Amino acid sequence: MTGKELAQQALNVMRQSYSPYSKSKVGAALEADDKVYLGTNIENRSYGLTVCAERTAIGNAVTNGARRFTRLAIATSAKEHILPCGACLQVLAEFCDDLEIILVNGEGEIKNCTLAMLYPHPFRSKK
Ligand code: THU
């Protein structure tokens with residue numbers, strides 16, 4: 001699958017976003033173990049309980065037994081691309097040292113980055 005196709009899946013699932021408070025629709029498509037797991041942001045009237053699209057997708061992947069994450073596409077309906085928040089970066093770092101991240105905006109424009117670029121020093125507990 002091309003990066004553009006993964007980005008398109010993130011754009012498609014973004015339509016399911018539950019975001020009545022911020023009105024910011026976000027979609028995530030996580031490629032893991034050669035499958036794609038989707039997620040959207042799920043907001044709550046108790047704002048702090050909101051879950052980001054990325055963590056919804058990670059939850060779907062892990063629930064289905066996938067652990068080897070390879071690429072993540074994140075879509076926003078806005079003009080400006082969005083980057084994963086710190087909480088999502090730490091949750092991604094639980095499962096992989098590095099990951100290709102594809103950002104796509106509401107106009108379908110793509111930017112590329114990596115987990116290691118965005119989050120070079122994750123918290124790692126001593127085993
Ligand atoms: N959001 C995500 O889904 N992913 C991010 O990486 C950043 C923010 C959501 C949370 C909230 O529903 C909305 O975007 C505005 O912050």
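Computed from a prediction, not measured in an experiment: that's the story for all the values here. Start at 1 and go down the list; that is how both ligands and their atoms are numbered.
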- Can you tell if the side chain of M1 reaches within under 4.5 Å of the side chain of V36, non-hydrogen atoms only?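 They are in contact (side-chain heavy atoms under 4.5 Å apart), so the answer is yes.
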
- Message: Yes or no, since that's all I need: does a protein heavy atom fall within a distance strictly under 4.0 Å of atom 4 (N) of ligand 1?
- Response: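 Given the 4.0 Å cut-off, atom 4 (N) of ligand 1 counts as touching protein heavy atoms.
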
- Partner of E43 by side-chain hydrogen bond (donor to acceptor under 3.5 Å, both in side chains), out of S19, S22, S17: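 Considering S19, S22, S17, a side-chain hydrogen bond (donor to acceptor under 3.5 Å, both in side chains) with E43 is found only for S22.
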
Looking only at N/O atoms, are [X] and ligand 1 under 3.5 Å apart anywhere?
X	result
T50	no
A53	yes
S19	no

Considering heavy atoms of the protein only, find what lies nearest to [atom] and give residue, atom and distance to 0.1 Å.
atom	value
atom 11 (C) of ligand 1	E43 OE2, 3.2 Å
atom 15 (C) of ligand 1	S22 OG, 3.7 Å
atom 9 (C) of ligand 1	N41 ND2, 3.7 Å
atom 6 (O) of ligand 1	E54 OE2, 2.6 Å
atom 1 (N) of ligand 1	C52 SG, 3.8 Å

Is a side-chain donor or acceptor of [X] paired with a backbone partner of [Y] at a separation under 3.5 angstrom?
X	Y	value
R67	V62	yes
N44	S46	yes
R124	A93	yes

- Greater than 12 external heavy atoms within 6.0 Å of R45's CZ: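 Open: at most 12 neighbouring heavy atoms sit under 6.0 Å from CZ of R45.
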
- Atom CD of E107 with >12 non-hydrogen neighbours under 6.0 angstrom: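 Atom CD in E107 is crowded, with more than 12 foreign heavy atoms closer than 6.0 Å.
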
Using a strict cut-off of 4.0 Å, indicate which atoms of ligand 1 neighbour a heavy atom of [X].
X	result
P84	6 (O)
C85	6 (O)
L83	6 (O)

- Message: Whether the E31 and T70 side chains hold a donor-acceptor pair (N or O, under 3.5 Å, no angle test) is what I'd like checked.
- Response: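 Yes, side-chain donor-acceptor contact under 3.5 Å.
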
